[in-house]
Amino acid sequence: MEKEASQLHWNATYESKREDGVSWFQDNPEPSLSLIKEIADRSSAIIDVGGGASRLVDNLQEQHFEDASVLDLSAAAIAAARGRLAGTGGQIDWIVADIRTWSPRRLYDVWN
């Protein structure tokens with residue numbers, strides 16, 4: 001029940017507010033991007049946990065990182081980011097799951 005309530009809450013949040021209408025919005029996620037660029041190369045497997053509609057994945061694509069994944073509990077958040085990046089040609093693994101119970105099917109070099 002707790003997972004469903006959390007999903008409902010976060011889906012409602014992303015469905016009712018604009019992307020930049022949430023307190024955690026960053027147009028430019030420079031701190032995270034700088035740290036990733038310090039420790040990873042373009043072929044590193046990177047996952048943005050709780051990434052939702054974050055712009056980090058956009059920036060990873062622009063910087064030519066080849067293996068990016070975004071995990072979030074909210075399907076609405078994932079849909080927003082996916083829609084924003086539709087047609088950009090990048091391969092992104094979109095994962096709707098609860099990090100508290102999710103088991104990765106592969107290894108990641110960087111967890112953000």
Side-chain angles (χ1 to χ4, degrees):
M1 281 311 257
E2 182 181 333
K3 178 183 174 187
E4 290 81 16
S6 292
Q7 272 183 317
L8 289 172
H9 168 78
W10 289 112
N11 282 334
T13 298
Y14 281 101
E15 290 168 350
S16 66
K17 296 184 180 192
R18 291 177 15 151
E19 176 185 10
D20 60 356
V22 293
S23 63
W24 55 87
F25 175 78
Q26 288 180 305
D27 186 45
N28 182 6
E30 185 51 42
S32 293
L33 190 59
S34 290
L35 289 171
I36 290 169
K37 287 169 35 178
E38 271 187 47
I39 63 171
D41 60 41
R42 302 288 188 250
S43 64
S44 297
I46 301 166
I47 186 164
D48 187 9
V49 177
S54 165
R55 299 266 173 138
L56 178 62
V57 72
D58 308 53
N59 284 268
L60 292 173
Q61 274 199 311
E62 289 170 12
Q63 298 290 319
H64 305 289
F65 282 89
E66 303 162 5
D67 190 358
S69 299
V70 179
L71 179 143
D72 201 278
L73 179 63
S74 171
I78 292 288
R82 194 176 201 163
R84 188 179 65 238
L85 292 169
T88 61
Q91 293 294 335
I92 301 166
D93 187 15
W94 302 102
I95 305 164
V96 176
D98 186 336
I99 188 62
R100 298 171 296 179
T101 57
W102 178 68
S103 295
R105 294 185 181 147
R106 59 177 293 202
L107 296 175
Y108 294 94
D109 300 305
V110 179
W111 288 60
N112 179 61

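Just so it is clear, the values below take in all heavy atoms, side chains as well, and ignore hydrogens, waters and symmetry mates.
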Between F65 and L56, is there a shared hydrophobic cluster once you connect ILVMFWY residues whose side-chain heavy atoms come closer than 4.5 Å? yes
Same hydrophobic cluster for L60 and L85, using side-chain heavy-atom links shorter than 4.5 Å among ILVMFWY?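 Different hydrophobic clusters.
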Of all the heavy-atom pairs spanning [X] and [Y], show the shortest one and how long it is.
X: Q61; Y: Q91; value: NE2-N, 4.1 Å
X: A68; Y: V57; value: CB-CG2, 4.1 Å
X: A45; Y: L107; value: CB-O, 3.9 Å
X: D48; Y: S54; value: OD2-OG, 3.7 Å
X: A77; Y: S74; value: N-OG, 3.0 Å

Any heavy-atom pair between the side chains of R105 and D93 that's under 4.5 Å?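 Sidechains of R105 and D93: no contact.
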Side chains of R42 and Q63, heavy atoms from C-beta outward: is any pair under 4.5 Å?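 Yes, close enough: below the 4.5 Å cut-off.
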Got a donor-acceptor contact below 3.5 angstrom from the S44 side chain to the I46 backbone?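 No: the side chain of S44 does not pair with the backbone of I46.
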Is there a donor-acceptor contact under 3.5 Å from the side chain of D98 to the main chain of L73?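 No, D98 side chain to L73 backbone: no donor-acceptor pair under 3.5 Å.
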For V49, check side-chain contact (heavy atoms from CB on, under 4.5 Å) against everything at least two apart and list the hits.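 In terms of side-chain contact (heavy atoms from CB on, under 4.5 Å), with neighbours along the sequence ignored, V49 is linked to I47, L71, I99, W111.
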Can you list everything that forms a salt bridge (charged side-chain N to carboxylate O under 4.0 Å, His left out) with R84? Sequence neighbours excluded, please. E19, D58
